[in-house]
Amino acid sequence: MNWSITFVPFVPWPVLWIIAGIGAALMVLLFWRARRGAVLRLLTLAALLLALANPHLKREDREPLNDIVTVVVDDSQSQTLAGRTGRTAELRKALEERLKEVPDLETRIVRSGSSNEDTDRDGTMLFADLGQALADVPPDRLAGVIMITDGQVHDVPEKAAALGFDAPVHALLTGKDDEFDRRLEVIAAPRFGIVGSTQTVEVKVSETKPREDDITTLTITQQGKPPEKEIVRIGQPFEIPVEIDHAGPNIVEIKVDGAEGELTEINNRTLLPIEGVRENLRVLLVSGEPHAGERTWRNMLKSDASVDLVHFTILRPPEKQDGTPINQLSLIAFPTRELFQEKLDQFDLIIFDRYQRRGVLPLLYLENVARYVERGGAVLVSSGDDYASPLSLYRTPLGSILPAAPSGRVVERPYRPALSELGEKHPVTADLDGARGGGAEGTDPTWGRWFRVVDVSPRDAEVLMTGADDRPLLVIGERGKGRVAVLLSDQAWLWARGYDGGGPYSDLLRRLAHWLMKEPELEQETLRASSKGQNLIIERRSIEDEIDPVVVTAPSGEEMTVTLDQGERGIWQKVVPVDEHGVYRIASGQLASLATVGKANTREFAAVTASAEPLAPILEGTGGGAFWMGREEGSEATVPRLAMIRSGRVMHGADWLGLHKRDAYHVKGVRLFPLFSGFLALALLLGLLAAAWYREGR
């Protein structure tokens, strides 16, 4: 029960203050002129103001409320190092037991960072989780906040006023103040690079405390190349040249040797994917003669924004003699020397469309093309009956690299192109529209018919499509560092014209051309990984019936082996739940890929030594303190003494921490007793008025 005096005025307070001001001015005038009865008039005015203010005696029935202390437990990844997980659990248990001994104190536990599916979160966000936990806590009940953490907190407010409460914040640091760690920092790294160029990655090796030996060794491994070692100075930036030798991710692993006594080697390595991109692909299209399908190739290649096309059609072979004077011919001479000797290596793909030996290209130049393929180039032969003739390209030096040997026969009868068993898995043909008719396995394609196919025997090659009587229709192969393909019919243009329902001519020709130019998306053996929330999605494409297991390396260096589930069309897949945030390395045989869960360059392992510096502004601003709780293994967890203090600027000492004693309460009932109203106030006012009037009349 609590007693107090309160006012319930009959008029608003501003009106009451105006009346009081006017009365006070009149009283000053009366006293200045020494008028009789001034004192009585002053008393009358005071009684009138008191009556208008209507004072009451208030009695409150109060129920005391417990003070609230919030304990924030740091469950971030850096807390898993150096035995901090066990130490944190022990400190929490000991602290809860000690808080239970304090009367009228309620304890709330907030866990921050454990199994957080918010992938946009980067680092330890204790104050964000604290703010959510205090949303229903009145500030006048909060006794204080105690954080069990290593001190590496990444959302510390600049000033204590931003917290929204006036209570001490204390930190129980789970590490030791003499911890040492070495880490590898990436200062600058390109995300993209032109294939064939050299990009520069800049790194630095940092240590928390200076040591006598100021040099160490970096091990640099680029996918598909032997490791290289470099001697670097600690604390000084070091540039690493990286050759972008293929399109797609070029994975570079950089690792620094561990140091004796360092806290962890997790942050001693980094994986960097640099995406290799090609400049516009240069394609040389040589049409041996005008024909109905010639413009199909031209239109498809011209419509591709990533392709620069050079197209020549041989309209007049050298042996043609019709008596027309040379100066009347409007034909452009075929620049054979320039294209097939001087600038041959500048092309990414050479397409021979119904070309046969007609004296235009000397055999020496075709031999150059064969060497060009062996060195990494690409050749596609789109053939008709010319490929089966004695003048076939196969009967030239180019035949040494072509994947199909003609028998000399041409089969001419209607058929619908179909996928081979391998073609159903290969990325060039696997997803072509209409390949499975209505979608059921084994259903015939719904494509339009073709009427000609050259009979061949594959040579160290793969058949993706078949024609009449299951004869090879599309044959591909690899030669040296390059690739070759032969399309054994010149009737793809029927699909382009929509004959008999048409077919996916554009997709087929485009994919075939890009596979020959080694586009990563069309490789038959690929390994890709992506993430969604806390799940790692691994996808493996292969034309083989069995594949190797996948080894997943977490950001902490922990490895696990995953067996993928077989799907359709050569796709193997698995969804793997993971706990850590950062870059995961996925490897299967010679293939490797990277995937990022959460942030790629997470701040969790950028600095792992325990420190009170990040929390210092808040600790000082609220009067809280930092207590080092690191200890030798086997010793018991001890927490500072607790003291409940009603006021004070410094809320901690060497071995104690203070909490505000709030004395908060809940009002259960209120009763009001008038003090100056009714007949009592009326009688007093009338008496004073009568006395003043009597005094004035004498």
Side-chain angles (χ1 to χ4, degrees), residues 195 246-248 276-278 280-285 293 295-309 347-353 373 376-383 403-404 416-436 445-448 450 458 461-467 472-479 482-496 502-528 539-543 568-571:
V195 174
H246 64 271
V277 294
R278 294 181 184 271
N280 271 10
L281 303 169
R282 301 198 65 194
V283 177
L284 172 61
L285 173 60
R295 298 201 67 84
T296 300
W297 278 107
R298 178 183 176 84
N299 293 340
M300 186 275 294
L301 294 168
K302 291 290 285 185
S303 66
D304 194 333
S306 64
V307 170
D308 289 336
L309 176 65
F347 290 101
D348 298 291
L349 172 64
I350 299 174
I351 302 176
F352 291 100
D353 177 26
V373 171
V379 164
L380 168 62
V381 176
S382 177
S383 64
R416 295 186 188 276
L419 300 185
S420 66
E421 183 178 350
L422 177 62
E424 293 181 353
K425 301 178 182 178
H426 201 283
V428 170
T429 52
D431 299 325
L432 289 177
D433 254 356
R436 288 174 174 78
T446 58
W447 302 327
W450 293 2
E462 299 168 337
V463 178
L464 302 187
M465 297 180 68
T466 58
L473 177 61
L474 175 59
V475 184
I476 64 173
E478 299 193 6
R479 299 293 185 266
R483 293 178 175 178
V484 290
V486 176
L487 182 60
L488 295 160
S489 178
D490 57 353
Q491 296 186 338
W493 64 273
L494 292 174
W495 281 358
Y505 76 97
S506 181
D507 287 342
L508 173 62
L509 302 184
R510 182 177 290 109
R511 290 185 194 178
L512 180 58
H514 282 273
W515 176 83
L516 287 164
M517 294 183 284
K518 301 181 181 178
E519 285 300 295
E521 295 296 322
L522 292 167
E523 293 296 319
Q524 60 262 41
E525 299 292 334
T526 59
L527 178 64
R528 297 185 181 90
E539 182 179 288
R540 172 85 156 84
R541 176 184 284 276
S542 177
I543 60 175
E568 295 182 353
R569 306 180 185 179
I571 301 295

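Quick caveat, the model's predicted, so the values are computed rather than measured.
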Exercise. Can you check side chain to side chain contact (heavy atoms under 4.5 Å, CB included) on Leu422 and Val463, steps first, answer last?
Worked result: CA-CA 7 Å; Leu422 177 62; Val463 178; over 6 Å; no
For this session: Measure the CG-CG distance between Leu474 and Leu380 for me, rounded to the nearest 0.5 Å.
Result: 8.5 Å
Problem set entry | Where Leu512 and Ala485 come nearest, the two heavy atoms and their spacing | CD1-CB, 4.0 Å
For this session: Answer yes or no on whether Arg416 is positioned over the face of Trp450, meaning its NZ or CZ is under 6.0 Å from the six-membered ring centre and within 45° of the axis.
Result: no
For this session: Calculate, to the nearest 0.5 Å, the distance between atoms CH2 and OG belonging to Trp297 and Ser382 respectively.
Result: 5.5 Å
Exercise. Between the side chains of Thr296 and Arg298, is a donor N or O closer than 3.5 angstrom to an acceptor N or O?
Worked result: no
Exercise. How about Trp515 and Glu523: does a side-chain donor come under 3.5 Å of a side-chain acceptor?
Worked result: no
For this session: Could you please spell out the steps behind the side chain to side chain contact (heavy atoms under 4.5 Å, CB included) verdict for Ile476 and Leu516?
Result: CA-CA 9 Å; Ile476 64 173; Leu516 287 164; 5.8 Å; no
Exercise. Salt bridge between Arg540 and Glu525, side-chain N to carboxylate O under 4.0 Å?
Worked result: yes
Exercise. Can you tell me how far the CG atom of Leu509 sits from the CG atom of Leu301, to the nearest 0.5 Å?
Worked result: 8.0 Å
Problem set entry | Spacing of Glu478 atom CD and Glu462 atom CD [to the nearest 0.5 Å] | 7.5 Å
Problem set entry | Heavy-atom pair with the smallest gap, counting every atom of Ser306 and His514 | OG-CE1, 3.7 Å
Exercise. Would you call Arg541 and Glu521 a salt bridge, taking side-chain N to carboxylate O under 4.0 Å as the test?
Worked result: no
Exercise. Can you name the closest pair of heavy atoms from Trp493 and Asp490 and give their distance?
Worked result: CD1-O, 3.0 Å
Problem set entry | For Ala513 against Leu349, the heavy-atom pair lying closest together | CB-CD2, 3.8 Å
For this session: Could you please spell out the steps behind the side chain to side chain contact (heavy atoms under 4.5 Å, CB included) verdict for Leu419 and Leu464?
Result: CA-CA 6 Å; Leu419 300 185; Leu464 302 187; over 6 Å; no
Exercise. Out of curiosity, Ser506 OG to Arg511 CZ, how far, rounded to the nearest 0.5 Å?
Worked result: 10.0 Å
Problem set entry | Nearest heavy-atom neighbours spanning Pro445 and Ala418 | CG-CA, 4.0 Å
Seminar exercise, completed: Nearest heavy-atom contact between Trp447 and Pro504 is NE1-CD, 3.3 Å
Problem set entry | Criterion side chain to side chain contact (heavy atoms under 4.5 Å, CB included) on Lys302 and Asn299, from CA distance to verdict | CA-CA 5 Å; Lys302 291 290 285 185; Asn299 293 340; 5.7 Å; no
